[in-house]
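Below, all heavy atoms of this structure are taken into account, side chains as well, without hydrogens, waters or symmetry copies. The chains referred to below are lettered A, B, ... by the order of the sequence lines, with proteins before strands, and numbering in each begins at 1. Just so we're clear, the structure is a prediction, and the values are computed from it rather than from any experiment.
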Amino acid sequence: MNKLLINNISVKYDNNSGYILEDFSLEVHDQEFLVILGSSGCGKSTLLKSISGLVSPAKGEIIYNNNCYFDSSKSLNTPPEKRNMGYCFQNYALCPHMNVYRNLAFPLKVKKYRKAGIKSKVCEMLNFIDMARYKSKLPNTLSGGEKQRVALGRALIYDPTLLLLDEPLANLDANLKRDLSKSIRKIHDEFKVTTIYVTHDQLEAFELADRIAIMQEGKIIQIGTPKDIYDSPKNIFVAKFIGRNNILKFDASLYKLLGIHSNKKYLAVRPKDIILSDMGLESKITDIKYLGNYYELSLDYNNQMVYIFIDSIDDYKINDIVYFNIQKYVILND
Amino acid sequence: MKKILILCLTFFALATLSACGKEKDTPETGVERKLVVYMSGPENMINSLESTFESTAGDVLDITIYSCGQLRDKVWIESQSGEIEADIFFGSDPIIYNKLDNLNLLEPFTLTESNIVKDKYIIENHNYVIVVERYLTIMKTTDTNRLTTSPTSYADLGNSEYDSVFAMADASLSATAFAVASSFYEMSGFNMNLLNSLNDNNVILTKSNGSIPSGIIDGTFDLGIAPYDAFVRLSKNATKNDYELELEAIWPTEGTISLIRPVAIAKQEDRSDALTDVAKDFVDFLLSKQGQTIQFNSGFISVRSDINNSYLPAGVTVINIDWDYAAINEATFKSNYEDIFKN
Amino acid sequence: MASVVLIVLYPILHLLFQSFNDNGILNFSAYGDVFTDKHTYRALSNTIVLQAIVLLITWILGGTLAIIRVKTNYKHKKMIDVFVFLSLVIPPFIFATAMKLFLGNAGFLSRVYYHLNWDYHFNVYSFSSAAVCLSLHMYPFVYYGIKNRLLLIDEDVINSARTVGSSKLYLIFKVIIPMLMPAFISTGFLVIARTLANYSVSAELLLPIGTEVLTTRIYGSLSSLALNRTAVLSLFMVFLSVVVFIVSLWIEKRNKNREMSVSSNQEKPTINLGNFNNKLLFTILSILFFLITILPFITILFASFFKRWGLKFFTGFGEPLLWNHLSFGNYLILFKEGLIWTPLLNSFMYGGTAAIISAFIASVIVYLYNYRKGPISSLLLSISQLPITIPNIILAIASMIAWRTSPFNFYGTSTIIIITYIVLFTPICIKQIQSVSQNLDVAIFQAAKTMGASEWKIYFSIYLNQIRNGLFSGFLIVFLISFKEIPISLLLYTTNSKTLGVLLFAIQSNNYGLEMTSAVAVIVILISLIINLGLIFIKKGLKKYEQTTN
């Protein structure tokens with residue numbers, strides 16, 4: 001069972017700054033594709049570095065495949081070179097002085113593979129990442145997507161049982177991103193490798209993940225399948241972070257409309273779950289935007305901004321008074 | 001930033017201009033400019049010669065001190081790429097003077113007091129004058145911890161006890177050293193045997209003779225070949241500064257090699273006659289009793305018959321170098337010399 | 001700008017003419033003489049061996065220190081920076097003097113050995129001593145080059161190598177050092193060129209045993225009054241330097257794709273030394289730095305107080321120091337009798353004037369090259385950079401021949417030294433300015449043009465301001481060179497234009513021994529230090545000023 005267990009680790013870079021991760025725990029299942037989603041600086045890269053051993057936590061334990069790699073109580077700390085994890089860096093981190101072939105062969109040489117073995121494995125990988133014709137090129141002459149494929153190939157070539165991907169698509173343009181994210185999922189499915197994928201892009205997360213973990217300020221706020229997270233965000237942060245959501249503060253009219261009374265302060269409503277009707281809550285149209293297939297209306301409801309999507313605006317113009325109803329909502333903790 | 005930059009710029013520009021301006025100062029004595037003089041020799045002596053001459057002639061000399069080798073390189077390069085820049089040059093060996101005179105680059109000149117100069121110092125067929133003579137001796141440290149025995153002849157220097165502790169000037173860099181090496185050649189019967197034995201003895205080669213006595217005092221080497229006048233000056237300096245001079249001069253049994261220091265006036269097209277006269281006055285001064293006494297006090301041998309040369313001990317032979325022979329064979333000799341010493 | 005071409009090319013053409021001039025007859029005889037002479041090849045092979053040793057020492061020393069400085073968690077990193085800086089401040093000639101004073105026949109060690117009744121013989125006149133002196137001065141070039149490159153290395157490249165399983169040693173030798181190769185090569189060429197050009201150390205430590213290198217051979221042929229052979233040898237050496245330069249450019253170009261594209265300043269230690277290794281390293285480095293900077297300085301400082309170097313320290317074993325052999329006399333002579341004032345002022349003024357003019361010329365040339373692209377500006381850049389390949393001594397000889405015939409007769413004035421300095425300094429300033437101007441945004445200049453600014457306005461108010469760091473460091477580097485420069489001023493000085501370098505090199509004679517050389521050396525080092533620190537201080541002040549005004 002290639003299960004990763006992280007128990008209560010705390011990480012800080014130097015003694016003067018605060019903890020980047022504090023009492024952090026996480027469980028990653030065998031062959032799972034877990035996406036860690038969070039804005040920059042939330043500690044997600046630090047998490048990957050702690051798992052790989054590039055950063056040593058101050059306390060806690062990291063267990064993988066029933067092997068303990070790190071345990072502060074036993075002063076146990078396996079160095080990164082002994083953990084056999086694949087790591088793919090955001091800026092590719094290819095050795096600039098080695099060509100594509102040698103970059104791919106590098107991990108095998110380090111692990112003292114036989115020469116013939118190296119050759120066949122590298123060729124196989126070159127074909128898999130579709131880079132065979134570039135094998136003698138230097139990294140600096142490759143495009144971003146090509147470099148990323150080489151970086152992925154290098155992280156996979158020595159059959160690691162855990163693959164750590166740090167924003168591998170962040171520096172690529174939209175079309176390339178789509179292609180490559182498909183390949184990444186394909187790699188995962190084919191190699192059956194447990195994968196932790198770090199990103200700040202929710203689209204990527206939804207496209208790839210078995211489970212998504214939302215991270216904020218060194219903590220996991222919510223973890224679950226993409227559908228769980230989308231449908232039931234736990235708090236305002238998650239609600240705002242995942243897709244368009246209207247965050248509304250409860251008031252008397254809302255309680256009345258929804259027929260509930262909660263001690264919670266906020267609710268989240270997706271724009272598509274708000275419909276205009278003859279009855280409901282009164283609001284004023286403040287802005288109308290054309291977004292291709294639909295229009296986005298900005299409504300002012302008791303000084304709260306509400307966005308809704310409609311197909312046609314024939315009947316509406318700015319400053320009209322309209323009424324809306326809420327079809328589906330989530331009550332938020334904070 | 002800009003202000004500081006401009007400030008610096010202005011400062012440097014002004015400073016340099018004022019410095020350059022000074023160089024082109026004209027003297028107050030009526031001639032168009034100062035005489036450019038290249039000299040080699042001890043600084044104190046040259047300063048004393050300058051101030052004594054200028055006390056009567058006015059501020060007319062612009063003296064630059066070079067080593068013998070530097071002086072000769074400079075004059076030669078100048079003569080080859082135009083005119084010799086110096087009006088007067090004094091020091092180094094006769095070869096360069098002969099060469100320049102053969103190219104007709106030296107101003108003809110007659111000494112006012114030629115009758116008082118000893119016959120052997122009178123140059124008949126060339127336009128330069130011998131000012132002083134100097135004698136080459138072996139010098140050694142008196143520190144018995146460093147050196148227990150004393151060589152008595154040049155030939156002794158090839159003995160194994162002087163391995164790696166003996167120094168002489170490099171004949172390919174110093175004119176005097178060239179003279180020494182070629183007289184060694186003549187002395188050993190026109191062969192390189194003596195020089196070969198010195199090389200086998202790991203002789204240390206210096207840039208000039210001048211650095212040999214101080215090198216012995218410094219302890220850089222224990223003995224070497226150097227002109228006696230340096231010994232005279234160092235002794236005086238030691239007395240003045242109250243320290244014991246651990247240096248001894250040995251007059252070699254083969255004899256002392258005699259070196260001569262000539263002076264010449266270079267031909268210059270645009271120099272006025274008045275200025276040339278001042279130049280001649282200066283040469284006359286160098287051979288005057290006053291001028292010769294100053295040089296004698298610095299350890300040099302006067303060419304005048306009315307100054308007693310007390311430096312040379314009785315019974316020491318003086319070996320005179322055949323400069324014409326040396327000049328003719330310079331190229332061959334140097335090539336042989338390099339084959340031995342340059343590795 | 002025609003004057004730039006003139007001051008660079010005119011002397012070289014004169015040199016070329018002299019090489020054919022056989023006492024007024026034009027022929028190739030000197031070429032035949034030089035290239036059939038086995039001593040030419042001996043000097044060449046000696047030069048190459050010297051270069052190889054110096055290269056090896058500087059690579060190992062500079063490279064190791066840079067890796068320790070950037071890539072380990074060594075605790076006393078400031079110490080490395082300070083001492084490397086000190087090594088740069090001490091000129092190689094002074095290293096050579098210190099070596100003679102400490103290890104030589106009458107040096108400190110021999111005297112201590114003597115008192116202990118031990119035999120002592122160390123020959124300071126050797127290839128290895130010359131190589132050590134040159135290396136101790138030049139390893140900072142390698143250190144700075146490697147350090148800057150290391151700071152550019154993307155930390156994640158090293159991390160990725162670690163996660164795939166490479167050990168520390170494998171990491172250093174297969175990843176870090178190969179990535180540094182371009183920096184090793186470019187600093188290596190600098191070391192090779194500087195070793196080729198050095199005169200003073202070889203004259204001091206190799207000539208005494210009759211070992212010639214190319215520079216001393218040139219000086220020797222000058223002494224043989226063979227101007228045409230000197231010219232041929234000089235041209236030969238220029239040719240060699242140009243070859244070295246072109247090969248280095250070619251390799252640099254070839255390596256461009258192997259270079260880092262990341263330029264974030266990453267100073268995170270990758271190699272954890274641990275407490276014991278940290279202490280061990282501190283001990284080793286302390287000893288090393290003591291030996292290569294503090295000891296030489298103490299040696300010359302102590303020697304400078306001797307009435308005469310060579311006087312005894314002690315009368316016997318266990319006896320107290322002979323205090324009456326020590327005095328401030330040497331400094332009194334230098335300062336009171338005025339021996340040092342003129343050279344000091346001259347060095348300051350020639351260096352300062354030439355440095356400012358060079359920085360200005362360089363800025364204009366780089367400006368033209370970058371924003372007035374065309375064959376003329378490229379040619380101008382190439383011509384003005386040519387002297388970087390020409391050893392100082394040859395610049396001096398060429399100047400000496402060229403600047404004494406009308407219409408350009410500067411001979412015997414300080415102008416000739418300043419002009420030669422400008423030729424020497426301009427390429428160095430160009431290099432500094434270019435490294436800064438590469439990062440300039442062309443759009444700023446285009447914007448200024450669309451707003452109607454004139455060329456001069458753009459140059460003065462935008463360009464100069466943008467490249468000020470390059471201007472400043474260029475000025476600093478060349479200004480400091482002028483305080484220790486020996487060959488140019490040695491050949492070109494006259495009474496009033498003696499420089500500190502001349503004083504340092506030539507003061508040792510009948511009157512003064514190594515003690516006086518030491519005193520001058522102490523002054524040269526202190527002045528260089530003061531100017532350096534002063535300029536660093538000004539630079540910091542300016543930065544603060546900028547921050548507050550922005």
Non-hydrogen side-chain atoms of B:Gln70 and C:Leu490 separated by less than 4.5 Å:
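Counting from C-beta outward, B:Gln70 and C:Leu490 do come under 4.5 Å.
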Side chains of B:Leu205 and C:Tyr125: closer than 4.5 Å at any heavy-atom pair?
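Not in contact.
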Where on [X] is there a heavy atom nearer than 4.5 Å to chain C: the side chain, the backbone, both, or neither?
X: B:Phe231; value: neither
X: B:Val75; value: neither
X: B:Lys342; value: both
X: B:Asp339; value: both
X: B:Ile340; value: neither
X: B:Leu173; value: both

Heavy-atom cut-off 4.5 Å, strictly under: side chain, backbone, both or neither for [X] against chain B?
X: C:Leu207; value: both
X: C:Lys38; value: side chain
X: C:Asn123; value: neither
X: C:Ile397; value: neither
X: C:Phe17; value: neither

Below 4.5 Å, heavy-atom pairs only: which of C:Asn228, C:Leu514, C:Val502 has the largest tally toward chain B?
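Going by pairs under 4.5 Å, I would pick C:Leu514.
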Largest heavy-atom contact set with chain B, pairs under 4.5 Å, which of C:Lys498, C:Arg217, C:Gln18:
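Top count of heavy-atom pairs under 4.5 Å with chain B: C:Arg217.
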Here's one to test your reading of the geometry: is the NZ or CZ of B:Lys207 within 45 degrees of the ring axis of C:Tyr219 and under 6.0 Å from its centre?
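The answer is no, since B:Lys207 fails at least one limit relative to C:Tyr219.
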Heavy-atom pair with the smallest gap, counting every atom of C:Tyr493 and B:Thr64
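So the minimum-distance heavy-atom pair works out to CE1-CG2, 4.0 Å.
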Can you tell me how far the [atom1] atom of [X] sits from the [atom2] atom of [Y], to the nearest 0.5 Å?
X: C:Ile209; Y: B:Asn199; atom1: CD1; atom2: CG; value: 11.0 Å
X: C:Arg42; Y: B:Glu338; atom1: CZ; atom2: CD; value: 10.5 Å
X: C:Met516; Y: B:Ser214; atom1: CE; atom2: OG; value: 12.5 Å

Could you tell me whether the side chain of B:Lys74 and the main chain of C:Leu491 form a donor-acceptor pair under 3.5 Å?
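Such a contact is found between B:Lys74 side chain and C:Leu491 backbone.
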Tell me which of these, B:Glu78, B:Lys99, B:Arg72, has more heavy-atom pairs under 4.5 Å with chain C than the rest.
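So the answer, after comparing B:Glu78, B:Lys99, B:Arg72, is B:Glu78.
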Looking at chain C, which one of B:Ile77, B:Ile63, B:Val37 has the largest number of heavy-atom pairs inside 4.5 Å, strictly under?
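Looking at each of B:Ile77, B:Ile63, B:Val37 in turn, B:Ile77 comes out on top.
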Crowded around C:Tyr113 OH? As in, over 12 foreign heavy atoms under 6.0 Å?
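It does not: C:Tyr113 OH has 12 such atoms or fewer within range.
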